[in-house]
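Nothing here was measured: the structure is a model prediction, and the numbers come from that model.
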Amino acid sequence: LFEQDAALHKAGYQIAIHGNGDAAIDDILDAFEAAQQAHPVKDPRMILIHAQMAREDQLVRMKALGITPSFFTAHTWYWGDRHRDIFLGKARASRIDPLRSALKRGIPFTSHNDTSVTPMDPLLSVWSAVNRLTGSGKVLGEDQTVSVLDALKSVTIWGAYQFHEERMKGSLEPGKLADMIILGENPLEIAPERIRDIPILATLVGNRLVYGSL
C-alpha cells in the first residue's frame, strides 16, 4: 500500500483509496501521510472512499492532511439495521459515516452510491444524510445527521471541490458549466423524509437538454 501510494503520488496522480473499517483507515492515512512527506504536493486533496468507521481522531488527521472523505451515506438505509444488531453493536453503528463530526472539523465531504452494489441515486444519498433512517424505519445516529443544504452540497459543490473542479462546476454561477437538474419540488421546503421521492423533471448538460422536458 505504501509503495503503490507513494509511486502514484510522486507521478502526479490524485489518490483515492477505499477503506471501511477503522484499522484499514489507519493504514490509508499512514500511507497518505508518508507519500506526502516523501513527495510533497501542494493541495493534493487525497480522497478516502467510504470511510464508514472513521473515528474522531482519524477525522482530526484527515483535516491536518487535507484529505476529504467520500461517504457512502446510504449505508444507514441498506445495512444500518444489520450493523446495529449483528456486526457492530448500537454504539459503533450509530456513528457509521460520521457526517456531522466531519463538518464540525471543517471537512467538506461527498456522498456517493456504491454502484453496482446499489442504484445510482443522489437524492437517496441526500435523504440518507438528512434522515439516517434504516430499512426498518429507525434513526441510526441522529447526532450524525446534517442539514438538507449541507447534504445537497455533498453531491454538488463539495464534489467539484474534491476533484479540483470547483471553478468550473458544482454550483450555478456565471462562467461555470451549465450542468443542472430541474426538480419537481424544493428539497429545502418539503418534509425531509420526502426528499428521496422528489421527481426529476429535466437534466441539462452544457445547457443542452438530455432528459425530460422544460
So, Asn113 versus Ser125: side-chain donor-acceptor pair below 3.5 Å or not? yes

Once you round to the nearest 0.5 Å, how far does CH2 of Trp158 lie from CD of Glu166? 13.5 Å

Approximate separation, where rounding is to 0.5 Å, of Leu209 CG and Ile182 CD1: 9.0 Å

Decide, yes or no, whether a salt bridge links Asp26 with Arg55 under the criterion of side-chain N to carboxylate O below 4.0 Å. yes

Return yes if some donor-acceptor pair links the side-chain N/O of Asp150 with the main-chain N/O of Val146 below 3.5 Å, else return no. no

Reference residue His9; test side-chain hydrogen bond (donor to acceptor under 3.5 Å, both in side chains); the match among Gln4, His39, Gln36, Gln14: Gln36

Could you report the tightest heavy-atom contact between Ala51 and Pro69, atom names first, then the distance? CB-CB, 4.1 Å

Roughly how far, to the nearest 0.5 Å, is the CG atom of Leu48 from the CZ atom of Arg61? 10.5 Å

Enter the distance from Gln162:CD to Ser154:OG here, rounded to the nearest 0.5 Å. 10.0 Å

Is Val155 reachable from Met120 through a run of I, L, V, M, F, W or Y residues, each pair having side-chain heavy atoms under 4.5 Å apart? no

Check Phe71 against Asp97 and note the closest heavy-atom contact, atom names and distance. CD2-OD1, 3.6 Å

For a quick test of your reading: what N or O donor-acceptor pairs under 3.5 Å do the side chains of residues 187-206 make, sequence neighbours left out?
unit_1	atom_1	unit_2	atom_2	d
Glu189	OE2	Asn186	ND2	3.4
Arg194	NH2	Glu185	OE1	2.7
Arg194	NH2	Glu185	OE2	2.8

Phe163 ring centre to Arg45 NZ or CZ under 6.0 Å, with the angle to the axis within 45°? no

Modelled atom types, side-chain donor and acceptor of Arg100 and Thr145, under 3.5 Å: yes

Answer yes or no: is there an ion pair linking Asp143 with Arg132, defined by an N-O contact shorter than 4.0 Å? no

Can you list the steps and then say if Leu133 with Thr76 is a side-chain contact (heavy atoms from CB on, under 4.5 Å)? CA-CA 6 Å; Leu133 288 173; Thr76 48; over 6 Å; no

Sequence neighbours left out, what passes side-chain contact (heavy atoms from CB on, under 4.5 Å) with Asp114? Give chain and number order. His50, Phe72, Val117, Thr118

Shortest non-hydrogen pair, Ile28 vs Gly19, comes out as CD1-CA, 3.7 Å

Would you name the heavy atoms of Trp79 and Arg82 that are closest together and state the gap between them? CD1-NH2, 3.0 Å

Residues two or more places apart in sequence or in another chain: which of them pass ring pair (Phe, Tyr, Trp, His ring centres under 6.0 Å) with His83? Phe87

Phe2 CZ: over 12 foreign heavy atoms closer than 6.0 Å: yes

Let me confirm one number: the CD-CD1 distance from Glu33 to Ile67, rounded to the nearest 0.5 Å. 8.5 Å

For Asp85, does its backbone N or O pair with a side-chain atom of Lys90 as donor and acceptor, under 3.5 Å? no

If you look at every heavy atom in Val130 and Ala151, which pair is closest and at what distance? CG2-CB, 3.7 Å

Salt-bridge test for Asp22 and Arg92: reply yes if a basic N is under 4.0 Å from a carboxylate O, no otherwise. yes

So, for Arg95 and Ser101, which heavy atoms are closest and what is the spacing to 0.1 Å? NH1-OG, 4.1 Å

Around atom CZ of Arg167, are there more than 12 heavy atoms from other residues, nucleotides or ligands closer than 6.0 Å? no

Should Phe109 and Ile49 be regarded as members of a common hydrophobic cluster, given that ILVMFWY residues are connected when their side-chain heavy atoms come within less than 4.5 Å of each other, either directly or indirectly? no

Go through the side-chain N and O atoms of Thr73 and Ser128 and say whether any donor and acceptor fall under 3.5 Å apart. no

